[in-house]
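Okay, so here's the structure we're looking at.
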Amino acid sequence: MTSPIDALLSRRSTLAKDLQAPGPDAAQLEQILQAAHRVPDHGKIGPWQFIIFEGEARADFGQRLAGIFQAENPDASDKLIDFERKRFLRAPVVIAVISSPDTQHKVPVWEQQLCSGAVCQNLLNATQALGYRGQWLTEWYAYNSQVAIELALKFEQKIAGFVYIGSGDNTLTERVRPALTDRVSRWQAA
Ligand SMILES: Cc1cc2nc3c(=O)[nH]c(=O)nc-3n(C[C@H](O)[C@H](O)[C@H](O)COP(=O)(O)O)c2cc1C
């Protein structure tokens, strides 16, 4: 059994295109969401929301994405539009994490937005802990105003990411990462 620290040290994403069924069952998905929900949260505001896409909803949302994409890219090829139509079918489950800050709260919005990043990471860690794989993506549709309307987002809400979750059997090789020594310094009194 992999220890928690080894799991963190070997964590990797699996490209959405390489994800496949099965995804987590209902009880496992609930666990993944509970783990994701358990992030540090200054002010106990809970400034995030989950929107889950599974089953037919993935294809239905893909139709909407394709429609928006086609309207904004009238010269796009049929192949590209078909890709948009099938985008959410790349994984059995896609979870949109919506940053939903309380803009009137004394806790800065920046801190509240950081919570949603932690939520996405917890989603990935819990996914891996249950033996599944995932990828955190934003792609074009996280920043598209028509998609925001489609998801009924309020002005202050932003999409922190779409976390794709499924299974995978491809070998995950290490990728280039910044050297830790370039990222770490130790403060010392002058
Ligand atoms: C906020 C955020 C958005 C991302 N969006 C994309 C994206 O749109 N397309 C992409 O190829 N990777 C995106 N990534 C990167 C992948 O999630 C992932 O980190 C990468 O594919 C592999 O790195 P890993 O194995 O260390 O997780 C994003 C990452 C973050 C944190």
Side-chain angles (χ1 to χ4, degrees), residues 2 4-20 23-24 32-33 35-41 47-53 58 61-62 64-66 68-69 72-73 76 80-81 83-101 109-148 150-151 153 156-184:
T2 313
I5 188 66
D6 283 342
L8 289 174
L9 288 170
S10 61
R11 186 207 62 77
R12 279 242 47 199
S13 304
T14 294
L15 300 182
K17 73 176 177 57
D18 295 327
L19 292 173
Q20 50 189 253
I32 289 170
L33 291 167
H37 208 54
R38 203 181 167 86
V39 290
D41 171 13
W48 60 85
Q49 296 283 333
F50 298 109
I51 303 174
I52 299 173
F53 300 84
R58 296 168 304 150
F61 195 70
R64 311 283 171 96
L65 277 187
I68 294 168
F69 183 81
E72 295 183 2
N73 301 278
L80 277 181
I81 292 163
F83 182 80
E84 297 304 334
R85 202 172 282 123
K86 294 181 177 148
R87 215 179 248 285
F88 276 36
L89 295 175
R90 291 178 292 179
V93 186
V94 182
I95 302 175
V97 176
I98 312 297
S99 168
S100 308
V109 165
W110 161 238
E111 291 190 23
Q112 298 184 51
Q113 290 170 330
L114 287 173
C115 270
S116 295
V119 166
C120 291
Q121 188 59 48
N122 267 15
L123 275 179
L124 286 179
N125 285 339
T127 292
Q128 179 174 298
L130 288 177
Y132 294 98
R133 296 189 186 190
Q135 191 180 26
W136 176 355
L137 295 175
T138 43
E139 302 185 310
W140 67 268
Y141 45 95
Y143 298 103
N144 183 277
S145 55
Q146 290 306 310
V147 172
E150 201 60 64
L151 295 175
L153 300 190
E156 69 279 10
Q157 291 183 309
K158 291 185 195 301
I159 298 172
F162 293 91
V163 179
Y164 285 68
I165 300 175
S167 298
D169 54 16
N170 60 324
T171 305
L172 298 174
T173 53
E174 190 43 355
R175 70 170 171 86
V176 176
R177 292 182 191 273
L180 193 57
T181 47
D182 288 345
R183 294 290 187 272
V184 179

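When a ligand or atom number is given, it counts from 1 through the structure's own listing order.
Applying the side chain to side chain contact (heavy atoms under 4.5 Å, CB included) test between Asn122 and each of Thr127, Val97, Val39 identifies Val39 as the sole match.
Between the CD1 atom in Ile68 and the OH atom in Tyr141 there is a gap of 12.0 Å [rounded to 0.5 Å].
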Distances for all N or O pairs of ligand 1 and the protein under 3.5 Å?
from: ligand 1; atom 1: 5 (N); to: Thr138; atom 2: N; distance (Å): 3.2
from: ligand 1; atom 1: 5 (N); to: Thr138; atom 2: OG1; distance (Å): 3.1
from: ligand 1; atom 1: 8 (O); to: Thr138; atom 2: N; distance (Å): 3.3
from: ligand 1; atom 1: 8 (O); to: Glu139; atom 2: N; distance (Å): 2.9
from: ligand 1; atom 1: 14 (N); to: Trp136; atom 2: O; distance (Å): 3.4
from: ligand 1; atom 1: 17 (O); to: Trp136; atom 2: O; distance (Å): 2.5
from: ligand 1; atom 1: 21 (O); to: Gln135; atom 2: NE2; distance (Å): 2.9
from: ligand 1; atom 1: 23 (O); to: Arg175; atom 2: NE; distance (Å): 2.9
from: ligand 1; atom 1: 25 (O); to: Arg12; atom 2: NE; distance (Å): 2.8
from: ligand 1; atom 1: 25 (O); to: Arg12; atom 2: NH2; distance (Å): 3.0
from: ligand 1; atom 1: 25 (O); to: Ser13; atom 2: N; distance (Å): 2.7
from: ligand 1; atom 1: 26 (O); to: Arg11; atom 2: NH2; distance (Å): 3.2
from: ligand 1; atom 1: 26 (O); to: Arg175; atom 2: NE; distance (Å): 2.9
from: ligand 1; atom 1: 26 (O); to: Arg175; atom 2: NH2; distance (Å): 2.9
from: ligand 1; atom 1: 26 (O); to: Arg177; atom 2: NH1; distance (Å): 3.1
from: ligand 1; atom 1: 26 (O); to: Arg177; atom 2: NH2; distance (Å): 2.8
from: ligand 1; atom 1: 27 (O); to: Arg11; atom 2: NH1; distance (Å): 3.1
from: ligand 1; atom 1: 27 (O); to: Arg11; atom 2: NH2; distance (Å): 3.1
from: ligand 1; atom 1: 27 (O); to: Ser13; atom 2: OG; distance (Å): 2.4

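Of all the heavy atoms in Trp48 and Ser116, the pair that sits closest is CB-OG, 3.8 Å.
The aromatic rings of Phe88 and Phe61 sit tilted relative to each other, their planes meeting at an angle between 30° and 60°.
Gln135 and Thr14 share no side-chain donor-acceptor pair at under 3.5 Å.
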Exercise. Can you check ring pair (Phe, Tyr, Trp, His ring centres under 6.0 Å) on Phe69 and Phe83, steps first, answer last?
Worked result: CA-CA 10 Å; Phe69 183 81; Phe83 182 80; 9.0 Å; no
